[in-house]
Structures are given as C-alpha cells and as structure tokens.
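Right, one structure below, let's go through it.
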Amino acid sequence: MPDRAPQPVDRQLPTEEARDLVALVRDIVQREIAPHAAEQEDAGRFPREVFSLLSESGLLGLPYDSEFGGGDQPYEVYLQVLEELAAARLTVGLGVSVHSLACHALAGYGTKQQQADHLPAMLGGGLLGAYCLSEPAAGSDAASLRTKAVRDGDDWVITGTKAWITHGGIADFYTVLARTGAEGARGITAFLVPGDAEGLSAAAPEKKMGMKGSPTAQLHFDGVRVPDSRRIGEEGQGFAIALSALDSGRLGIAACAIGVAQASLDEAVAYATGRQQFGRPIADFQGLRFMLADMATQIEAGRALYLSAARLRDAGRPFSKEAAMAKLFCTDAAMKVTTDAVQVLGGYGYTADFPVERLMREAKVLQIVEGTNQIQRMVVARHLAGPETR
C-alpha cells in the first residue's frame, strides 16, 4: 500500500506567535513523541523525559500568567496544542491537561505570595502535577468526599484516600480537596500538597484497557501534615474552586478527544486509499467514502464546539454549559470515530500492528474522566431547565 502521509490540521490561530507555537509542538511530536508512542504504551512506560522537555519549552503553563512562568496564551491556543499532543499520544496530551488542571486552583485563587512561592516551579520548573478530587465512594457525587483535613495549630492534618488519580505516585505536587467542615459542598477546602509529603503513599497503578503509559492510582493520606500557607482560598471554598477548575479541564478533555479522533481518521484515510480490493482502492467504494466523510464531519464539529467554548472563556464570559457540551460531544465523537476507524481497517484494525485499536481503547476513558458524559448531560439540562425538583 502506498504511504499517504496525513496533512496537518489547518488551524485558525489568532497570532503569529501562536502559529510558531503550534509549529514547535509539531516538531516535538514528530521527533520525540510519535515515534515511541506505540512501543511505550504497550510497555506501560510513562515518558517523564517528554514532560521535562515540554516544561523546558514553555508548554506546561501556556494558559497562565507570564509573571509566574506561564505562556500568556488564550485558551483557544492552549487547547489546540493539547489536540496536537493527544493526536500523537494521549498519555502526553491528557497529562498536560491534568497538570494544567492541578495548577488552576493556585493560579486562580492563591494569594500573591503563594503564587510567587510555587507557580514558577509548577509552570516552568520541570514539576508535574496531579488533581485529587475523586474518592472510592465519591466519584460523580464529588461533594460527598470523606478525606478530612483537621486544623492543628498552624498546620492541617489530612487523612483519607483519593482514587483515580492521574500521575498518582509520580507527581511532584497534588491539588487536594478535603473536608474541613460540615457535610456537603460548603465544607470542602483546597490544599497544595508536596508529592514527597510524609504519610503520603500511592497504591499500585490501576490495570487499564488503555492509556497504559499513564499511571492512575489511589493515594493514601495517613496524617499528612501541611502548613496553613498551603491552603488555597478560604476554608469551605474548595468545592467552588474544584468546579471552576473542572469547567476548564473539560475543555482540555474535549481537545484531547478530537486529537485522538483526528489521528484515527488519518489512519483510516491512509489505509482506505492504499488498500486494494476488487482491483481498486477500497476508498472508491461509497460505503467507506461515506464513513470517512462522517468521521471528518464529526471531528470538525467537535473542534468548532470546543473552540467556541474556549473563546467564551477567553472573553471572560460564562462557559460552563458550553464546556459540558464540548466534553460530551467531542468524547462521544471520538468513540464513534475510533470505532469506525477499526472497521475501515477490517481485520488489521483489530490487531496491534496498527494504532487504531489502541486509539479506540483510549477514546473510551475520555467519556468517563472529569465528569462522565451522563453528568455532562445533567449539567447542560440544568442550564436549560433549572435544577431538578426533589
């Protein structure tokens, strides 16, 4: 079969700086990420050296203030960088999104002193972050979390277990939501916990169907002591901080999903135009041509949706509903596109010799993380019809 190289996505970027930034990302992808993605995912290897390179290149703090080492980039640019990274390897794209999520609380709600003390290392100093909200019995119902933080003089003592933590056990810092007051959303506070804190340990990573190179693990807090200077925001403000972070984080997941879908489409087009059956390329057959057309349409629609939500965010306008819509549509589209890509490749699509089977397995988790797609539908419906009556 002839080698049909995919054409880069024709992106609408607001500045020449943004175009240079995407060109830098594509160079890193081609040299350092894509050539090793399949082998390292199969081996379950986390590419920490890639994250160090991304940090050195100024790509781990793109949407944050340059005063503290960020890139001063609008979200519409940052998300397109995520898409490029996720198309090459979801472990990297999603990892950057999670790191950005972990920085959100301090960047948005920390004091100037806290930001000056910690953000430069978090955004451009080679550190890697993780976000700790979910627990074994508190997933979709995050406000029912049980991890406790108890005041002890000038310190807080944190005890409990967090679950489904991306970068669990390897992160340098954790943004942790813990209960400091009464039951419910108003009794939760946010903390910045060092990765090497005494009493903090990680369970063995989960055995997953996809994203095997990205460690996901439970974290155990056994009397972890942190000073009050690492409390982010006011006592009881943590759940509001968490929801604010998740609105932005859902856009990151949407962009990653479109990256995975785009990579699948590229593989499907290359195969369909090269595979000969009945004396001609299988892309000549209308059934496959229509599948490819539908795949491309879903990708373009998803990209437009997440960029529209990002532009609302960049303009300082409410975007919670649009973020939920983008996460919902883009991840559902990724699941459909990757499944169709496997079908286009037929038996070859079901083998590990081609990347589409891995992309399909990876797409599934995007319908679950940072709020399942059932939760996204609830969020959208509340914006349309108000809260549910009880």
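Residue numbers count from 1 along this sequence.
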| task | Please round to the nearest 0.5 Å and tell me the distance separating atom OG of S100 and atom CG of L59. | result | 12.0 Å
| Minimum heavy-atom distance P205-A217, with the two atoms named | CA-CB, 4.1 Å
| Using 4.0 Å as the upper bound for N to carboxylate O, is an ion pair formed by E362 and K212? | no
| message | What's the separation between atom CZ in R26 and atom CZ in R11, rounded to the nearest 0.5 Å? | response | 6.0 Å
| query | How long is the gap from CD1 on I241 to CG on L133, to the nearest 0.5 Å? | reply | 12.0 Å
| With side chains defined as the heavy atoms from C-beta onward, is the minimum distance between P47 and E32 less than 4.5 Å? | no
| message | I want to check something: taking the side chain as every heavy atom from C-beta on, are V77 and L62 in contact at a cut-off of under 4.5 Å? | response | no
| query | Should L243 and D247 be marked as a side chain to side chain contact (heavy atoms under 4.5 Å, CB included) after you check the CA-CA gap, both sets of side-chain angles, and the distance that decides it? | reply | CA-CA 6 Å; L243 292 183; D247 281 342; 5.7 Å; no
| Do side-chain atoms of S55 reach the backbone of F51 as a donor and acceptor pair under 3.5 angstrom? | no
| query | Which heavy-atom pair separates L101 from L246 by the least distance, and what is that distance? | reply | CD1-N, 4.2 Å
| message | Quick check against the 3.5 Å criterion: does D314 have a side-chain atom that pairs as donor or acceptor with the backbone of Y75? | response | yes
| request: Run the ring-centre check on Y131 versus H104 and record whether the distance is less than 6.0 Å. | output: no
| field | Nearest heavy-atom neighbours spanning P215 and G213 | value | CD-O, 3.5 Å
| request: Indicate yes or no: at least one non-hydrogen side-chain atom of Q262 is less than 4.5 angstrom from one of D266. | output: yes
| Pairwise side-chain contact, E67 with K112, heavy-atom cut-off 4.5 Å (strictly under) | yes
| K336/D340 ion pair, N-O < 4.0 Å | yes
| task | Could you verify whether a donor N or O on one side chain and an acceptor N or O on the other, from D294 and Q298, lie under 3.5 Å apart? | result | no
| field | side chain to side chain contact (heavy atoms under 4.5 Å, CB included) between M122 and Y64, intermediate numbers included | value | CA-CA 11 Å; M122 291 163 63; Y64 294 111; over 6 Å; no
| query | Quick one: are R179 and R146 in side-chain contact, heavy atoms under 4.5 Å? | reply | yes
| task | Spell out, as yes or no, whether a donor-acceptor pair under 3.5 Å connects the side chain of D172 to the backbone of L128. | result | yes
| task | Spell out, yes or no, whether V342 and Y271 are grouped together once hydrophobic residues are joined by side-chain heavy atoms under 4.5 Å, including indirect joins. | result | yes
| query | So, does Q115 use its side chain to make a donor-acceptor pair with the main chain of A107 at under 3.5 Å? | reply | yes
| said: I'd like to know whether CZ of R317 has more than 12 heavy-atom contacts from other residues, nucleotides or ligands below 6.0 angstrom. | reply: no
| Rounded distance [0.5 Å steps], CG in L288 versus CZ in R275 | 11.5 Å
| Inter-residue atom distance I368.CD1 - S140.OG, 0.5 Å rounding | 10.0 Å
| query | Is it true that L127 and I170 fall in one hydrophobic cluster, defined by side-chain heavy atoms closer than 4.5 Å? | reply | no
| Is the number of heavy atoms from other residues, nucleotides or ligands within 6.0 Å of CG (D27) greater than 12? | yes
| message | With a sphere of 6.0 Å drawn around CD of E39, does it hold more than 12 non-hydrogen atoms of other residues, nucleotides or ligands? | response | no
| remark: What one should report as the nearest heavy-atom pair of A268 and L345 is CA-CD1, 4.0 Å
| message | Looking at D10 and R303, is there a salt bridge between them, counting it only when a charged N and a carboxylate O are closer than 4.0 Å? | response | no
| task | Say whether I253 and L359 are linked into one hydrophobic cluster, either directly or through other cluster members, by side-chain heavy-atom distances under 4.5 angstrom. | result | yes
| Side chains of L21 and V81: closer than 4.5 Å at any heavy-atom pair? | yes
| field | Pairs where residues 189-201 contributes a residue and the test side chain to side chain donor-acceptor pair (under 3.5 Å) is met, not counting sequence neighbours | value | T180-T189
| message | Are more than 12 heavy atoms, taken from residues, nucleotides or ligands other than R151, located less than 6.0 Å from that residue's CZ atom? | response | yes
| What is the minimum heavy-atom distance between A324 and V379, and which atoms define it? | CB-CG1, 3.8 Å
| field | side chain to side chain contact (heavy atoms under 4.5 Å, CB included) between F68 and H118, worked out | value | CA-CA 9 Å; F68 301 111; H118 302 294; over 6 Å; no
| Are E83 and C256 side-chain neighbours, meaning at least one heavy-atom pair lies under 4.5 Å? | no
| request: Taking atom types as modelled, find out whether E322 and S308 have a side-chain donor-acceptor pair closer than 3.5 angstrom. | output: no
| How about E357 and R361: do any of their side-chain heavy atoms sit closer than 4.5 Å? | yes
| query | Applying the 4.5 Å side-chain criterion to the ILVMFWY set and letting contacts propagate, would I282 and F278 be lumped into a single cluster? | reply | yes
| task | Would you sort out whether D332 and Q367 count as a side chain to side chain contact (heavy atoms under 4.5 Å, CB included), showing the intermediate values? | result | CA-CA 7 Å; D332 279 354; Q367 294 178 301; 2.7 Å; yes
| task | Please check if the side chain of S52 supplies one atom and the backbone of R48 the other of a donor-acceptor pair under 3.5 Å. | result | yes
| Main-chain N/O of D141 paired with S144 side-chain donor or acceptor, under 3.5 Å | yes
| With sequence neighbours excluded, what pairs up with F319 under the ring pair (Phe, Tyr, Trp, His ring centres under 6.0 Å) test? | none
| With sequence neighbours excluded, what pairs up with E267 under the side-chain contact (heavy atoms from CB on, under 4.5 Å) test? | P355, V356
| message | Looking at G316, is its backbone amide N or carbonyl O close enough to the side chain of R313 to form a donor-acceptor pair, meaning the two atoms are under 3.5 Å apart? | response | no
| said: Would the distance check show the side chain of H220 and the main-chain N or O of T161 forming a donor-acceptor pair, the cut-off being under 3.5 Å? | reply: no
| field | Heavy atoms from other residues, nucleotides or ligands near CZ of F285 exceed 12 (cutoff 6.0 Å) | value | yes
| query | Would you say K327's side chain and G249's backbone share a donor-acceptor pair under 3.5 angstrom? | reply | no
| said: Is a donor from one side chain sitting under 3.5 angstrom from an acceptor on the other, for Q12 and E76? | reply: no
| Main-chain N/O of A240 paired to S244 side chain as donor or acceptor, under 3.5 Å | no
| field | I258 versus G302, closest heavy-atom pair with distance | value | CD1-CA, 3.9 Å
| query | Distance from W156 atom CH2 to R230 atom CZ, nearest 0.5 Å? | reply | 15.5 Å
| said: Are more than 12 heavy atoms, taken from residues, nucleotides or ligands other than K208, located less than 6.0 Å from that residue's NZ atom? | reply: yes
| said: Starting from I28, can I reach V96 by hopping between I/L/V/M/F/W/Y residues whose side chains sit under 4.5 Å apart? | reply: yes
| query | Salt bridge check: are R250 and E370 linked by an N-O gap of less than 4.0 Å? | reply | no
